Amino acid sequence: MRHPWAVDRGCPASCAAQPDPRVPPGELARRYAALTYTLSRAVARGGRLAQPRVLRGEARAVLGALGVRLEVVRAEAARLEAVRGGRLSAGGRGAGTLVVANHISWLDVVALLAVEPVSVLAKREVDRWPLIGTLARRAGTRFIDREGSPRRLPYAVAELARDLRGGTSVLVFPQATTWCTAGGGGFRRAAFQAAVDAAAPVRPVTVEYRQGGATVTAAAFLGEEDFTASLRRVAAASDLTVRVTLHDPLTGTDRRTLAEAARRAVAGVAAPLAARPRERLNSASGA
């Protein structure tokens, strides 16, 4: 019997291409120094890192240190509209929002928290990563054990529903592993049951990485690849942009229908970006 938290294998590390163009060695060194300073400052924040304003500012600072621009757009009919100050949560009073996104890279979480700080549901392994695990815990990340007993699943769903019902918006990656494109893999349905139980809206979000206007896989973190290999590609990439596309919130009473509707929304971004000002991020400012 398939484990409820079981995941597909995802893409192999060979799907991740080297960045083109690349920054010169001097700029690469500057980026590593800026990232080291930014992460050290984030650790020094202690428990204050979980404060929304602080967390958003530090996430933006990480992007800025790596030279990654943030572009937030909203899917409108047959095209994409650039927006300023976009939110992951659906807004309004009452239940929080279940934010569901495709998963390409460790950088996905940073980019999404730079849009709006929400609670993140992550695999238990992240808690054991040096430095990253510490930052994740201090940022309020909730961890799930995907190798645990299936009997724990109803409790995990109930805990997620309780958080949503209490007004907390939660980010999950229902593909449960990383793929090189938004359309890879299916969506696990357990988290959607929590949204149904809490009568919470579901916000589909598409994350993609671009260089020179084209989608690239340089930022991907795939298969058995070492984290540092992915980090090196990101730091070396010139003119790398992470585009976060916000789709209309979904509601429903059937987890299968919700999961499929969210998957189709996330995977279906193919419209050109309308000519409007983009939200760009080059430094730690704007926190």
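Remember, it's a predicted structure, so these values are computed and weren't measured experimentally.
- The two residues P117 and L55 have their closest heavy-atom pair at CB-CD2, 4.0 Å.
- Each of V207, V100, V109 was compared with F173 under the side-chain contact (heavy atoms from CB on, under 4.5 Å) criterion, and only V109 meets it.
- Taking every heavy atom of both residues into account, A111 and V244 meet most closely at CB-CG2, 4.5 Å.
- A donor-acceptor pair under 3.5 Å is absent between the side-chain atoms of E208 and the main chain of A182, judged by distance alone.
- In this structure, the side chain of E116 engages the main chain of L88 through a donor-acceptor pair within 3.5 Å.
- The two residues R203 and T97 come nearest to each other via the heavy atoms CB-CG2, 3.7 Å.
- Side-chain N or O atoms of S238 include none that pairs as donor or acceptor with a backbone N or O of P21 at under 3.5 Å.
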For a side-chain contact (heavy atoms from CB on, under 4.5 Å) check, start with the C-alpha distance between T168 and R142, then their side-chain angles and the critical distance, and finish with the verdict. CA-CA 12 Å; T168 299; R142 294 115 190 273; 4.2 Å; yes
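- Under a 3.5 Å cut-off, the side chain of D163 and the backbone N or O of L160 do not form any donor-acceptor pair.
- Between D248 and A75 the shortest heavy-atom distance is OD1-O, 4.5 Å.
- When all heavy atoms are compared, the tightest approach of D254 to V196 is N-CG2, 4.0 Å.
- Ring-plane geometry between F192 and F187 is classed as parallel, the angle between the planes falling under 30 degrees on a 0 to 90 degree scale with a further cut at 60.
- Remark: the backbone N or O of V62 is not paired with any side-chain donor or acceptor of T38 at under 3.5 angstrom.
- V216 places none of its side-chain heavy atoms less than 4.5 Å from the side chain of P19.
- Taking both residues in full, the closest heavy atoms of C15 and L222 are given as CB-CD1, 3.6 Å, listed atom of the first, atom of the second, then distance.
- Distance alone, capped at 3.5 Å, is enough to place a donor-acceptor pair between the H247 side chain and the A265 backbone.
- Side chains of L107 and V68 form a contact here, defined as non-hydrogen atoms less than 4.5 Å apart.
- Side chain of Q175 to main chain of H103: a donor-acceptor pair is present (N/O by atom type, distance under 3.5 Å, no hydrogens or angles).
- A distance-only check finds a donor-acceptor pair linking the side chain of Q211 to the backbone of D20 [under 3.5 Å].
- Side-chain atoms of Y209 and V234, non-hydrogen and from C-beta on, never get closer than 4.5 Å to each other.
- A donor-acceptor pair under 3.5 Å is formed between the side chain of R31 and the backbone N or O of L66.
- Within a 6.0 Å radius of OH in Y37, no more than 12 heavy atoms belonging to other residues, nucleotides or ligands are found.
- Here the side chains of W106 and V126 are not in contact, with every heavy-atom distance at 4.5 Å or above.
- Note that CZ of R255 and CD of E260 are 14.0 Å apart. Values are rounded to the nearest 0.5 Å.
- In this structure, CD in E225 is found 11.5 Å from SG in C11, a value given to the nearest 0.5 Å.
- Rounding to the nearest 0.5 angstrom, the gap separating the CG atom in D108 from the OG1 atom in T178 is 8.5 Å.
- Checking R210 against T215 by side-chain atom types alone, a donor-acceptor pair falls below 3.5 Å.
- At a threshold of 4.5 Å between non-hydrogen side-chain atoms, the residues T177 and K123 do not count as touching.
- The CG atom of L240 sits 12.5 Å away from atom CZ of R22, with the distance rounded to the nearest 0.5 Å.
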I'd like to know whether E159 forms a salt bridge (charged side-chain N to carboxylate O under 4.0 Å, His left out) with R162, so could you lay out the CA-CA distance, the side-chain angles of the two residues, the decisive distance to 0.1 Å, and finally the verdict. CA-CA 5 Å; E159 290 172 4; R162 180 195 62 204; 5.3 Å; no
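- Counting heavy atoms from C-beta on, the side chains of N102 and W179 never come closer than 4.5 Å.
- Side-chain N or O atoms of R243 include none that pairs as donor or acceptor with a backbone N or O of T206 at under 3.5 Å.
- In this structure, L135 and T141 have side chains that are not in contact, with every pair of non-hydrogen atoms separated by 4.5 Å or more.
- Side-chain contact between R41 and E58: present, with at least one pair of heavy atoms (C-beta onward) separated by less than 4.5 Å.
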Given the rule in the side-chain contact (heavy atoms from CB on, under 4.5 Å) test, do L246 and V205 qualify, once you have shown the distances and angles that lead to the verdict? CA-CA 5 Å; L246 310 176; V205 177; 4.1 Å; yes
